[in-house]
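Written below as C-alpha cells is the structure these notes are about.
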Amino acid sequence: MGESHATDFHLRFYGRRSYEFSYQSYDGFYLKNTDELASGLAPAGVKYQRSDIKARNLGAVMHWNLKEEDYTLAVGFAQDGRQLQSGWAYFASVAVGDNKIYADDPFVPPSAATKFERLGTLKELDRKYAGVGGALGGIWVHGPWYLTGFAAIGPSWQKVVGRFSGSDDFDESFVGFFSDAKVGGGYNGQIHVFDIQVHSDNTTTDFLGGAVDTIQLEARFTYSYRMLNVDIPILNSLSSFLD
C-alpha cells in the first residue's frame, strides 16, 4: 500500500509465572477506507497514505499459573517438556503498557473532518494503561499431537491524553479492558517438535464518542530439535530466577 517502516520485538518467558514484553515502532500508515473518507486525495485504486503518522507501543504482561500441576504455558507454547494427557489451568494476570500515535497534521483527512466532530482534528493520542484480570488455558493431547489455547481478559485503568489542531488538549482517565489470547497446535515428540501458534492482544478505549483499539496479531511456525540430558547452568539459574 506504500512504504512503511516497522520494528517489532517480543520477549516471552514461560513458567509458573509467565512474563511477556513487547516493543513496536511503526512509521507510515494508509487509510483502509480511502474511498469513503478520502476520495480524490489519492489516485484511483491507491490508498490514501500518510508517511508522517507514527506509532509507538510498549507493553508487559504477567500470567501467574494457579493450577500448574495440570497445565503450563511452558509446555503449551514453548515445548519445555512434554505433556502426556489433557489438562487445564486458571491464572491471575497483570498488564501494563504505553501506546502513542502522533502526526504532523490531524489523522482524519480534511475533507472528512466534520463527520467526526472534535475527533476530526485529533493529531496525537497518548494512552497509558494498567489492568488486572484472569485467564484460562488448556491443552488437548493425543499421543505426541496436541492443541492448546489460552485467553486472558480484565478491566484496565487508562490515562488518555489527546492533542488536537486548533483546540485544547484532552486529558482524562477511563476504565477500559485488555485481553491476551493464544492458540497453538502441533507435534511434540521426544526429539522432534514443530508447532503453529497465533498470538493476539488487544486494548480498547472509548474516547469522545469513538473507540481506539490497539490490536497486535502474530502467527508463527517453529521447528525444534530437542537435545536430551543437556545441562547449561547459566540457563538453569535464569529459569529459576524467573519462576
Side-chain angles (χ1 to χ4, degrees), residues 8-24 57-97 129-154 156 178-203 215-243:
D8 193 335
F9 290 104
H10 288 268
L11 294 175
R12 299 185 175 100
F13 303 93
Y14 292 127
R16 181 165 56 97
R17 293 186 297 272
S18 296
Y19 308 88
E20 303 185 34
F21 305 93
S22 61
Y23 170 78
Q24 290 91 27
N57 301 318
L58 183 65
V61 63
M62 187 271 285
H63 303 295
W64 192 319
N65 194 333
L66 304 175
K67 198 181 178 187
E68 187 184 23
E69 65 275 10
D70 292 333
Y71 170 73
T72 74
L73 291 174
V75 171
F77 291 95
Q79 289 71 50
D80 182 8
R82 303 177 68 221
Q83 186 155 344
L84 302 180
Q85 61 182 10
S86 304
W88 67 278
Y90 46 87
F91 302 73
S93 302
V94 178
V96 295
Y129 66 89
V132 295
L136 287 174
I139 189 170
W140 172 82
V141 177
H142 182 70
W145 299 93
Y146 73 95
L147 292 172
T148 185
F150 171 88
I153 192 169
S156 66
F178 75 94
S179 64
D180 184 11
K182 325 175 194 296
V183 295
Y187 179 91
N188 190 355
Q190 290 186 338
I191 302 296
H192 302 284
V193 181
F194 64 86
D195 73 294
I196 297 174
Q197 298 179 18
V198 177
H199 299 255
S200 174
D201 61 82
N202 175 46
T203 303
I215 302 171
Q216 302 174 42
L217 185 65
E218 172 192 353
R220 55 181 285 184
F221 172 80
T222 306
Y223 167 78
S224 304
Y225 182 87
R226 179 176 284 123
M227 294 177 285
L228 303 177
N229 303 317
V230 176
D231 186 35
I232 304 177
I234 188 172
L235 295 183
N236 295 339
S237 300
L238 176 62
S239 178
S240 298
F241 172 77
L242 291 173
D243 220 22

Under 3.5 Å, which donor-acceptor pairs link side chains of residues 68-76 to any protein atom two or more places apart or in another chain?
from: Tyr71; atom 1: OH; to: Thr148; atom 2: OG1; distance (Å): 2.7
from: Thr72; atom 1: OG1; to: Val75; atom 2: N; distance (Å): 3.1

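- Ring-centre distance between Tyr187 and Trp145: below the 6.0 Å cut-off.
- A heavy-atom distance below 4.5 Å is not found between the side chains of Gln83 and Asn188.
- Residue Trp88 comes nearest to Leu136 through the heavy atom pair CZ3-CD2, 3.9 Å, listed as atom of the first residue, atom of the second, then distance.
- Atom CG of Leu66 sits about 8.0 Å away from atom CZ of Phe91, to the nearest 0.5 Å.
- The minimum heavy-atom distance linking Ala89 with Asn65 is given by the pair CB-OD1, 3.5 Å.
- Contact of the Arg82 side chain with the Pro144 side chain is registered, since non-hydrogen atoms from C-beta on lie closer than 4.5 Å.
- In terms of heavy atoms, Trp64 sits closest to Met62 at N-SD, 3.7 Å.
- Inspection of the His63 and Tyr14 side chains reveals no N or O donor paired with an N or O acceptor under 3.5 Å.
- Exactly one residue among Asp180, Asp8, Asp201 makes a side-chain contact (heavy atoms from CB on, under 4.5 Å) with Gln216. That residue is Asp201.
- For Phe150 and Phe77, the ring centers sit 6.0 Å or farther from each other.
- Centroid-to-centroid, the aromatic rings of Phe21 and His10 stay 6.0 Å apart or farther.
- Legend: salt bridge (Lys or Arg N to Asp or Glu O under 4.0 Å) pairs involving residues 10-24, not counting sequence neighbours, sorted by first then second residue: Arg12-Glu20, Arg12-Glu218, Glu20-Lys182.
- The local environment of CD1 in Ile234 is sparse, with at most 12 non-hydrogen atoms from other residues, nucleotides or ligands closer than 6.0 Å.
- The closest side-chain heavy-atom distance from Val141 to Leu84 is not below 4.5 Å.
- When all heavy atoms of Phe178 and Gly133 are compared, the pair lying nearest together is CZ-N, 4.1 Å.
- More than 12 heavy atoms of other residues, nucleotides or ligands shown are found within 6.0 angstrom of OH on Tyr223.
- The salt bridge (charged side-chain N to carboxylate O under 4.0 Å, His left out) check on Asp80 picks up nothing, with sequence neighbours excluded.
- The neighbour count for Phe221 CZ, taken as heavy atoms of other residues, nucleotides or ligands under 6.0 Å away, is above 12.
- Distance CZ/Phe194 to CD/Gln79: 11.0 Å, rounded to 0.5 Å.
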